[in-house]
Amino acid sequence: MAEYVRLKGEDMSSTYTLREDSTVLVTYTNGSEEGTFTFDGKVVEILLGSSRYRFYYEADSQTLTRTKEATDEVITYLKTN
């Protein structure tokens, strides 16, 4: 993703803030939206409006990973403090 962003010259960063009350805040370069999530210890499922996203949690690296269905692009999010 970093290489794609560099080549396109676009900022495509986003931050997912998972809250203790099972709500999520997704912040993009030009805005944000709120939704809800569930977590079963391995999979985080996020619901934003009518869109549902599935992330796989890797405890060792503390990352969330998902594959965009339309492009098979793998996106990995790193945990920050």
| field | Rounded distance [0.5 Å steps], OG1 in T65 versus OH in Y57 | value | 11.0 Å
| request: Starting at OG1 of T36, measure out to CZ of R52 and round the result to the nearest 0.5 Å. | output: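 CZ of R52 is found 7.5 Å from OG1 of T36.
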| remark: Connected to L25, directly or through other members, by ILVMFWY side-chain contacts below 4.5 Å are none
| Aromatic ring centroids of Y16 and F37 under 6.0 Å? | no
| For S50 and L47, which heavy atoms make the closest approach, and how far apart are they? |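 For S50 versus L47, the nearest heavy atoms are C-CD1, 4.4 Å.
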| field | Nearest heavy-atom neighbours spanning E33 and L48 | value |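 In terms of heavy atoms, the two residues are closest at OE1-CB, 3.8 Å.
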| message | Checking V43 against Y56 for the side-chain contact (heavy atoms from CB on, under 4.5 Å) test, could you report, in this order, the C-alpha distance in whole Å, the side-chain angles of both residues, the deciding distance, and whether it holds? | response | CA-CA 5 Å; V43 174; Y56 294 93; 3.7 Å; yes
